[in-house]
Amino acid sequence: MLDLKFIRDNIDAVRLNIKNKNESADVDQIPQLDEKRRSIIQEVEKLKNLRNVVSKEIAQLKKDGQNADDKIASMKDVSDNIKRLDDELRITEEQIYQVQLYIPNMTGPDVVAGKSAADNQIIRSWGDEYKKEVERNHIDIATDLAIIDFERGAKVSGSGFAFYRGKGAKLERALINFMLDYHLDNHGYTELMSPYLVNEKSMYGTGQLPKMAEDMYHAQEDNVYLIPTAEVPITNYHYDEMLPNEKLPIKYCGFSPCWRREAGSYGKEVRGFLRVHQFNKVEMVNFSRPDKSWEQLEILLSEAEDIVKALKLHYRVLRLCSGDTSFASSMTYDIEVWSPGEKNWLEVSSCSNFTDFQGRRANIRFRPEPNAKPEFIHTLNGSGLATSRIMVAMLEQYTDSDNCFHVPEALRKYTGFETISKND
RNA sequence: GGAGAGGUGGCAGAGUGGUUGAAUGUGGCGGUCUCGAAAACCGUUGUACGGGCAACUGUACCGAGGGUUCGAAUCCCUCCCUCUCCGCCA
């Protein structure tokens with residue numbers, strides 16, 4: 001959410017930003033609604049002041065045993081007017097809020113205006129030496145090794161769901177544990193294991209609602225949502241809180257499955273693990289002072305890169321253009337690994353600075369100095385990493401011509417085995 | 001799911017219609033005393049919005065939202081949450 005005062009003072013920039021982000025929000029009605037809001041406040045507060053003063057006079061008169069009927073009668077009208085104006089104010093503020101909810105975060109200074117993924121900037125790439133030519137993609141390999149079962153996933157749950165089986169399941173667990181341990185041991189994170197169902201308020205707090213309602217699984221009976229990312233519970237962990245300045249930045253990481261309906265995305269990149277309704281991810285969340293958040297974003301990105309490097313996978317880093325930068329994000333870096341089977345880049349991490357956008361929605365603040373006014377915190381998060389596409393790249397990268405998968409060095413102490421072959 | 005109790009300031013805890021933004025305690029901050037500290041004593045200690053260049057000032061906030069009333073922390077309704085007991089259950 002953007003600050004109302006900011007919108008009022010920067011209406012043109014806000015309008016341009018909406019356009020650059022391919023969003024639609026009718027910001028034009030804000031100035032007059034805000035004007036109306038303020039004039040109502042001034043009027044109603046005058047009346048309330050009058051009411052307070054006269055009420056005290058009435059109390060005094062009664063205490064002195066005198067008659068106060070005249071004053072009470074004269075206040076009746078005032079009271080009715082207050083009620084009417086308060087209603088009007090409430091409606092006006094609700095109208096403003098409903099517009100505000102759909103206004104995206106302002107993009108950061110380094111974000112170029114652009115329409116689509118084609119306009120994203122390539123920042124760097126790494127691990128050229130790990131490129132490899134393969135004939136089979138991850139689906140063939142995994143099916144052949146019987147470590148991932150897409151068919152039965154579809155039978156039991158629907159397309160976009162899969163079973164990990166045998167050594168495949170253990171490999172997945174190894175990957176998750178490796179990533180978590182890496183961040184805990186090397187990057188100073190505190191682990192959070194979170195709820196996977198969250199309430200509506202949390203979804204508004206991080207900005208998934210109201211815009212993304214269609215993309216989430218919703219349990220109507222209890223009005224809770226399956227999380228599309230651990231960002232939601234972990235960021236909202238500090239909902240309505242004042243964070244101690246001396247503890248900043250506060251860094252949490254956590255594993256969770258992620259559920260996404262992916263409504264309307266059929267036909268593209270849906271094969272196998274490329275786009276699924278449920279996948280596993282380790283998420284990193286950072287609560288930062290505003291003056292440090294851009295610096296923290298670079299650190300967060302490097303922490304995610306460390307994982308890909310440790311797995312020795314060829315990857316590149318992109319800075320997303322405005323059109324590709326998500327609703328709540330100010331700036332986002334994507335990490336993409338090379339899939340030899342797809343001959344394409346696959347997104348495995350998104351690292352974003354949300355500035356104060358989520359902090360304002362979720363009311364998470366801190367005090368810059370002991371007696372200073374509270375300010376909204378900056379939040380950042382990044383995948384570190386999503387496993388399904390890492391699994392794609394690993395399977396294609398590390399399976400030899402004899403159809404034997406070699407576990408990457410970094411994962412061996414977690415798997416307890418070094419290879420996976422057909423009859424394991 | 002059934003029955004009951006409760007949600008007040010950083011925390012604890014008074015307050016059942018009229019100078020209550022809220023007693024009191026405690027914690028925090030500043031000070032006096034002290035070589036220093038403790039104790040004691042004094043002072044101070046919320047947020048949001050509006051107006052004002054500012055000092056300042058107005059309004060609101062006692063779980064949330066409605067209602068009654070000239071006036072609500074206090075009365076009524078709805079919802080949320082916590083706790084206790086019973087039932088069910090991994």
Side-chain angles (χ1 to χ4, degrees), chain A residues 1-9 30-101 193 195-205 209 218-225 233 236-248 250 257 356-377:
Chain A
M1 190 117 71
L2 298 181
D3 180 32
L4 186 56
K5 281 198 193 95
F6 177 86
I7 300 171
R8 187 199 298 160
D9 298 341
I30 292 263
Q32 67 179 69
L33 284 173
D34 183 50
E35 193 57 45
K36 185 177 173 190
R37 169 180 157 270
R38 280 185 292 168
S39 86
I40 296 172
I41 287 174
Q42 288 175 40
E43 200 180 337
V44 77
E45 288 193 350
K46 254 182 225 157
L47 293 178
K48 284 180 178 174
N49 181 237
L50 177 66
R51 181 178 71 184
N52 286 345
V53 169
V54 176
S55 282
K56 278 178 192 171
E57 290 171 7
I58 292 170
Q60 191 57 49
L61 284 174
K62 291 206 159 186
K63 213 164 138 191
D64 297 345
Q66 294 179 26
N67 185 293
D69 291 353
D70 284 355
K71 283 190 190 293
I72 289 174
S74 75
M75 278 301 102
K76 183 74 182 150
D77 264 4
V78 171
S79 201
D80 288 347
N81 275 331
I82 289 172
K83 197 166 292 174
R84 182 178 53 79
L85 287 169
D86 268 344
D87 280 348
E88 214 174 313
L89 180 62
R90 211 191 56 242
I91 291 166
T92 306
E93 289 187 329
E94 179 60 24
Q95 286 172 335
I96 293 171
Y97 182 64
Q98 283 305 323
V99 178
Q100 262 181 301
L101 279 177
M193 207 176 254
Y196 299 154
L197 288 164
V198 302
N199 60 26
E200 216 172 17
K201 208 171 76 166
S202 297
M203 285 300 185
Y204 275 98
L209 284 177
H218 181 214
Q220 275 186 320
E221 186 86 353
D222 298 291
N223 196 24
V224 287
Y225 293 81
N236 285 293
Y237 183 69
H238 286 306
Y239 198 105
D240 263 343
E241 288 184 25
M242 191 79 77
L243 304 182
N245 183 36
E246 68 279 7
K247 293 266 173 57
L248 301 176
I250 294 173
D356 63 1
F357 193 81
Q358 295 179 326
R360 184 172 290 106
R361 284 192 175 220
N363 192 31
I364 305 170
R365 299 177 298 168
F366 78 109
R367 230 181 267 281
E369 305 289 335
N371 288 313
K373 259 173 80 85
E375 288 179 27
F376 290 111
I377 201 89

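Distance A:Glu35 CD to B:G50 P: 12 Å, rounded to the nearest Å. Going from atom CD1 of A:Ile82 over to atom P of B:U69 covers 14 Å, rounded to whole Å. Summarising the geometry, the separation between CG on A:Asn199 and P on B:C79 is reported as 18 Å, rounded to the nearest angstrom. Look at CG on A:Asp240: it is 18 Å from P on B:C61, rounded to the nearest Å. With rounding to whole Å, A:Leu47 atom CG is found 19 Å from B:G50 atom P. As a whole-Å value, the separation of A:Met242 CE from B:A48 P is 7 Å. Atom-to-atom, CG of A:Leu61 to P of B:U19 comes out at 15 Å; the value is rounded to the nearest Å. Atom-to-atom, NZ of A:Lys48 to P of B:C61 comes out at 7 Å; the value is rounded to the nearest Å.
Within the 4.0 Å cut-off from OP1 or OP2 of B:C70, not a single side-chain nitrogen or oxygen of A:Ser74 is found. Not one side-chain nitrogen or oxygen of A:Arg367 sits closer than 4.0 Å to the OP1 or OP2 atom of B:G28. Contact check, A:Lys373 against B:A48: a side-chain N or O comes under 4.0 Å of OP1 or OP2. Side-chain nitrogen and oxygen atoms of A:Arg38 include at least one within less than 4.0 Å of the OP1 or OP2 phosphate oxygen of B:G51. Within the structure, every side-chain polar atom (N or O) of A:Lys5 is placed at least 4.0 Å from both OP1 and OP2 of B:A48. The side chain of A:Lys71 places no N or O atom within less than 4.0 Å of a non-bridging phosphate oxygen (OP1 or OP2) of B:C70.
Comparing B:U59 with B:A72, their P atoms sit 13 Å apart, to the nearest whole Å. B:C80 and B:G15 have their P atoms separated by 29 Å, given to the nearest Å. To the nearest whole angstrom, the two C1' atoms, one in B:A5 and one in B:G63, are 16 Å apart. Rounded to whole Å, the separation between the C1' atoms of B:A64 and B:G7 comes to 11 Å. Using P as the reference atom, B:G2 and B:G87 are 15 Å apart when rounded to the nearest Å. Rounded to whole Å, the separation between the C1' atoms of B:G46 and B:C11 comes to 14 Å. Taking the P atom of each, B:G21 and B:C29 are spaced 29 Å apart, rounded to whole Å. Between B:C33 and B:A38, the distance separating the two C1' atoms is 12 Å to the nearest Å.
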- [ ] Would you write the dot-bracket representation of RNA chain B, where each base gets (, ), [, ], | or . depending on whether it forms a Watson-Crick or G-U pair under 3.5 Å and with which partner?
- [x] ((((((((.[[[..)..(.....]]]((((((.......))))))((((((....)))))).[[[[[..)....]]]]])))))))....

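If you check the side chains of A:Ser55 and A:Asn52, you find no donor sitting under 3.5 Å from an acceptor.
Residues A:Asn363 and A:Phe376 have side chains in contact (heavy-atom distance under 4.5 Å, counting atoms from C-beta outward). Residues A:Leu50 and A:Met75 meet the side-chain proximity criterion, which asks for heavy atoms closer than 4.5 Å. Side-chain contact between A:Val54 and A:Val78 is absent, with no heavy atoms from C-beta onward closer than 4.5 Å. Counting heavy atoms from C-beta outward, A:Ile30 and A:Ile96 have side chains that approach closer than 4.5 Å. Side chains of A:Asn236 and A:Met203 form no contact here, defined as non-hydrogen atoms less than 4.5 Å apart. Inter-residue side-chain proximity for A:Phe366 and A:Met242 is flagged as unmet; no heavy-atom pair is nearer than 4.5 Å.
Rounding to the nearest 0.5 angstrom, the gap separating the OH atom in A:Tyr97 from the CZ atom in A:Arg90 is 15.0 Å. The CD1 atom of A:Ile364 sits 7.5 Å away from the NE2 atom of A:His238 when rounded to the nearest 0.5 Å. Taking CG of A:Leu101 as the reference point, atom CD of A:Gln98 lies at 5.5 Å (rounded to 0.5 Å).
Residues A:Ser79 and A:Gln60 both approach RNA chain B. Their nearest nucleotides, taken by heavy-atom distance, put A:Gln60 toward the 5′ side. The residue among A:Asp34 and A:Val53 whose nearest nucleotide of RNA chain B lies closer to the 5′ end is A:Asp34.
For residues 43-52 of chain A, the set of pairs meeting the salt bridge (Lys or Arg N to Asp or Glu O under 4.0 Å) definition, not counting sequence neighbours, comprises A:Lys48-A:Asp86. Listed by first and then second residue, the salt bridge (Lys or Arg N to Asp or Glu O under 4.0 Å) pairs that reach into residues 66-82 of chain A are A:Glu57-A:Lys71, sequence neighbours excluded.
Taking only distance into account, the side chain of A:Lys56 never meets the base of B:G18 through a donor-acceptor pair shorter than 3.5 Å.
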Pairs: protein N or O with nucleotides 63-68 of chain B N or O, under 3.5 Å:
unit_1, atom_1, unit_2, atom_2, d
B:U68, OP2, A:Lys83, NZ, 3.1

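The 12-atom threshold is not exceeded at CD of A:Gln220, counting heavy atoms of other residues, nucleotides or ligands nearer than 6.0 Å.
Across residues 356-364 of chain A, not one residue has a non-hydrogen atom less than 4.0 Å from an atom of RNA chain B.
In the set B:G51, B:G18, B:C49, the nucleotide with an atom closest to the side chain of A:Arg37 is B:C49. Set against B:U47, B:G18, B:U59, the side chain of A:Pro374 has B:U47 as its closest nucleotide.
Using a distance-only test at 3.5 Å, with no hydrogens or angles considered, a donor-acceptor pair links the side chain of A:Gln100 to the main chain of A:Leu2. Although no hydrogens or angles enter the test, the distance criterion places no donor-acceptor pair under 3.5 Å between the side chain of A:Arg365 and the main chain of A:Lys373.
Among A:Asp87, A:Ile91, A:Leu85, the one residue that satisfies the side chain to side chain contact (heavy atoms under 4.5 Å, CB included) test with A:Ile40 is A:Leu85.
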- [ ] Going 5' to 3' through nucleotides 52-58 of chain B, assign each nucleotide B (protein heavy atom under 4.0 Å from a base atom), S (under 4.0 Å only from sugar-phosphate atoms) or - (no protein heavy atom that close).
- [x] ------B

